[in-house]
Structure formats: structure tokens, C-alpha cells
Amino acid sequence: MNWDAARYQSGHNYVYQYGADLIGMLAPQPGERILDLGCGTGQLTAEIAKTGATVIGVDRSPEMITEASRQFPAIQFLVADGASFVLDRPVDAIFSNAALHWMKPPQPVAAAMARALKPGGRLVIEFGGKGNVQSVLDAARTVLGNFENPWYYPSVAEYASLLEANGLEVTFAALFPRPTELKPNAGMDDWLRMFATPIFGTREDKIAEAVEYLRPKLCQDGVWRVDYRRLRITARKNN
């Protein structure tokens, strides 16, 4: 999938704004080496760097990495896949916000994260969990019939088991709703073009049908709210 970095920042920057409090759970320290996996355009990577930690931002999208490097030239950003990235040496912590649900299948991603952590290193992540954007998936099935779901939305038990199978001890896990209001300049049709291109492609007629299907469920008084559900987990690598 090709990402429109400019559209992401102008209409959908709530994605990284909601992740800002996750940095508090990470508690980065000066001198630590931290990986931001699925860093997007780098805003949260830069916030972590302000603490004095050395941060590496990794994303599979060249468009996102180009924009991140333009905005934050002092930070190292790399184009790499979450399932196969290799670092020159292990890191103290891995941070990831709103990215892991794009990385399928999940097993090699969990293994790659475990390999990248030092013994005792920590993992702080948040992404779409079970039931995330269920209304959107229902709309897609209604207007398209069968399609391949591009996202991975696990339950707490499912993802905790996956991490534990890769030598990571889960220390906190929660699945919670986060109805997310869209900006007036970026309604449901824009959301579908931004995030659901793997489902709808450029079929504007089907996007319009999906919007009308979703309107009574997700739009109230002219304001669109997407039915996000987030999975937040912290873990440590066993020694």
C-alpha cells in the first residue's frame, strides 16, 4: 500500500496524537536506545528523542520515511519491514503506536521484536484490537461481498500468548473502546481512501455506498466517529 503522507498529517494526525500518552508508559531515559516500529511521519519518534534517548524510526512505507526524515533530519529513519528488520545491535525498548495491526502475519513480527530487544528490554505497544472498526468491515462486506481483510485485530489473550511464545513476559494488557472523531475536512470517505485502500482500491462508487451504509451508525449531528478499539500492551524480554 502506498501512503499519502501529506493527507495523513493534515487530516488524520489524531492517530499519533492519541499515542502521545503511550510515551509516558514507555518512560524513555537519557542514553537509552529505542526503536519506534511503524513510526509513520515520525512525530512520536521525535517526542521520544526529546527525552535524551537515541531513537530509530522504522516503517515499511518509503513515503512516510521520506516525510519523517524531512521533518526530523537529526533522527535516524529506516525503510524496513516489521517482520524482517535487523538492527546493528539490540535496543533497550521498542515502542509502537497504531502500526502492528498492519503487519501480517503477526508471528514473524513478534519474533523480530523479541530479537531486537536486549535481555530485560521492554516493549510498549498500542494498535487495533478485537472489534476495531467493525462497522467499516461490515460495510465492506455489504457493498463488496468477499474481500481480504488487510488488518490483524487480536484479542488480549491471543496477542499475549503470541508474545509469551517469543520469550516476552506480558506485564500489562488492556482492550478498550476509543470512538474517534474525524476532522471536518476529512470525513468518512476520506478515512476510507486513507486507510482502506487495500479493500476498496479506487472504486469511488463503492466508497460512496459504504459511507451511506455507515452514516446512521457512525455519524451524529454531522460529526463522524469511527468505532476504534485499541489493544495496549507492555512486556519485558526474559533474561
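The figures here come from the full heavy-atom set of this structure, side chains too, leaving out hydrogens, waters and symmetry mates.
- Leu231 and Trp102 are members of different hydrophobic clusters when ILVMFWY side chains are connected at heavy-atom separations under 4.5 Å.
- Residues satisfying the side chain to side chain donor-acceptor pair (under 3.5 Å) test with Arg203, not counting sequence neighbours, are none.
- Judged by distance alone, the side chain of Asp59 and the main-chain N or O of Ile65 form no donor-acceptor pair under 3.5 Å.
- Residue pairs meeting the salt bridge (Lys or Arg N to Asp or Glu O under 4.0 Å) criterion with at least one partner in residues 150-162, sequence neighbours excluded, are absent.
- The two residues Ala68 and Gly40 come nearest to each other via the heavy atoms CB-O, 3.8 Å.
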Distance-only check: which donor-acceptor pairs under 3.5 Å involve side-chain atoms of residues 104-116, not counting sequence neighbours?
from: Lys104; atom 1: NZ; to: Asn149; atom 2: O; distance (Å): 2.5
from: Gln107; atom 1: OE1; to: Asn166; atom 2: ND2; distance (Å): 3.2
from: Gln107; atom 1: NE2; to: Asn166; atom 2: OD1; distance (Å): 3.4

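- There is a path of hydrophobic side-chain contacts, each under 4.5 Å, that joins Ile125 to Val58.
- Of all the heavy atoms in Ala235 and Leu168, the pair that sits closest is CB-CB, 4.3 Å.
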Please tabulate, for side-chain N and O atoms in residues 127-139, each donor-acceptor pair with protein atoms closer than 3.5 Å (sequence neighbours left out).
from: Asn132; atom 1: OD1; to: Arg229; atom 2: N; distance (Å): 2.7
from: Asn132; atom 1: OD1; to: Arg230; atom 2: NH1; distance (Å): 3.2
from: Asn132; atom 1: ND2; to: Tyr153; atom 2: OH; distance (Å): 3.2
from: Gln134; atom 1: NE2; to: Asp138; atom 2: OD1; distance (Å): 3.0
from: Ser135; atom 1: OG; to: Asp227; atom 2: OD2; distance (Å): 3.0

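- Here Leu26 contributes atom CG and Ser96 contributes atom OG; the two are 11.5 Å apart, rounded to the nearest 0.5 Å.
- Under the 4.5 Å side-chain heavy-atom criterion for Ile, Leu, Val, Met, Phe, Trp and Tyr, Leu22 and Ile94 are members of distinct hydrophobic clusters.
- Using a 4.5 Å heavy-atom threshold, the side chains of Met25 and Arg232 count as touching.
- Under the side chain to side chain donor-acceptor pair (under 3.5 Å) criterion, Ser69 pairs with no residue at all, not counting sequence neighbours.
- For the atom pair CD1 (Ile207) and CH2 (Trp191), the distance works out to 11.5 Å, reported to the nearest 0.5 Å.
- Residue pairs meeting the salt bridge (Lys or Arg N to Asp or Glu O under 4.0 Å) criterion with at least one member in residues 41-57, sequence neighbours excluded, are Glu47-Lys50.
- Of all the heavy atoms in Trp224 and Gly187, the pair that sits closest is CD1-CA, 4.4 Å.
- Side chain of Ser61 to backbone of Met64: a donor-acceptor contact under 3.5 angstrom is found.
- Minimum heavy-atom separation, Phe72 to Gln43: CE1-N, 3.9 Å.
- Atoms CD and CG, on Glu209 and Leu144 in that order, are 8.0 Å from each other to the nearest 0.5 Å.
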Can you list the steps and then say if Tyr159 with Val170 is a side-chain contact (heavy atoms from CB on, under 4.5 Å)?
-> CA-CA 10 Å; Tyr159 206 73; Val170 174; over 6 Å; no
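- A search for side chain to side chain contact (heavy atoms under 4.5 Å, CB included) contacts involving Arg33 returns Ile56, Asp88, Arg89, Val91, Asp92, not counting sequence neighbours.
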Determine, step by step, whether Lys237 and Leu123 satisfy the side-chain contact (heavy atoms from CB on, under 4.5 Å) criterion, reporting the C-alpha distance in whole Å, the side-chain angles of both residues, the deciding distance to 0.1 Å, and the verdict.
-> CA-CA 8 Å; Lys237 183 174 180 177; Leu123 179 71; over 6 Å; no
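- Between Ile199 and Glu148 the shortest heavy-atom distance is CG1-O, 4.3 Å.
- By the criterion of side-chain heavy atoms lying less than 4.5 angstrom apart, applied directly or through intervening Ile, Leu, Val, Met, Phe, Trp or Tyr residues, Tyr228 is not grouped with Phe176; the two fall into different hydrophobic clusters.
- Residue Met188 is grouped with residue Trp151 when hydrophobic side chains (ILVMFWY) are merged at heavy-atom distances under 4.5 angstrom, including chains of intermediate members.
- The side chain to side chain contact (heavy atoms under 4.5 Å, CB included) search around Glu169 returns Asn238, not counting sequence neighbours.
- Within the 3.5 Å criterion, the main-chain N or O of Glu67 finds no donor-acceptor partner in the side chain of Thr41.
- The side-chain heavy atoms of Leu175 and Ser155, taken from C-beta on, include no pair separated by under 4.5 Å.
- A search for side chain to side chain contact (heavy atoms under 4.5 Å, CB included) contacts involving Arg225 returns Glu181, Val223, not counting sequence neighbours.
- Between Ile34 and Pro28, the closest heavy-atom pair is CD1-CB, 3.5 Å.
- Here Leu182 contributes atom CG and Asp190 contributes atom CG; the two are 8.5 Å apart, rounded to the nearest 0.5 Å.
- Looking only at distances, no side-chain donor or acceptor of Arg122 sits under 3.5 Å from a matching main-chain atom of Thr234.
- Residues passing the side chain to side chain contact (heavy atoms under 4.5 Å, CB included) test with Thr142 are Tyr213, sequence neighbours excluded.
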Throw together a table of side-chain donor-acceptor distances under 3.5 angstrom for residues 73-85, partners on residues two or more places apart or in other chains.
from: Asp81; atom 1: OD1; to: Ala83; atom 2: N; distance (Å): 2.8

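- Residues satisfying the side chain to side chain donor-acceptor pair (under 3.5 Å) test with Thr45, not counting sequence neighbours, are Asp36.
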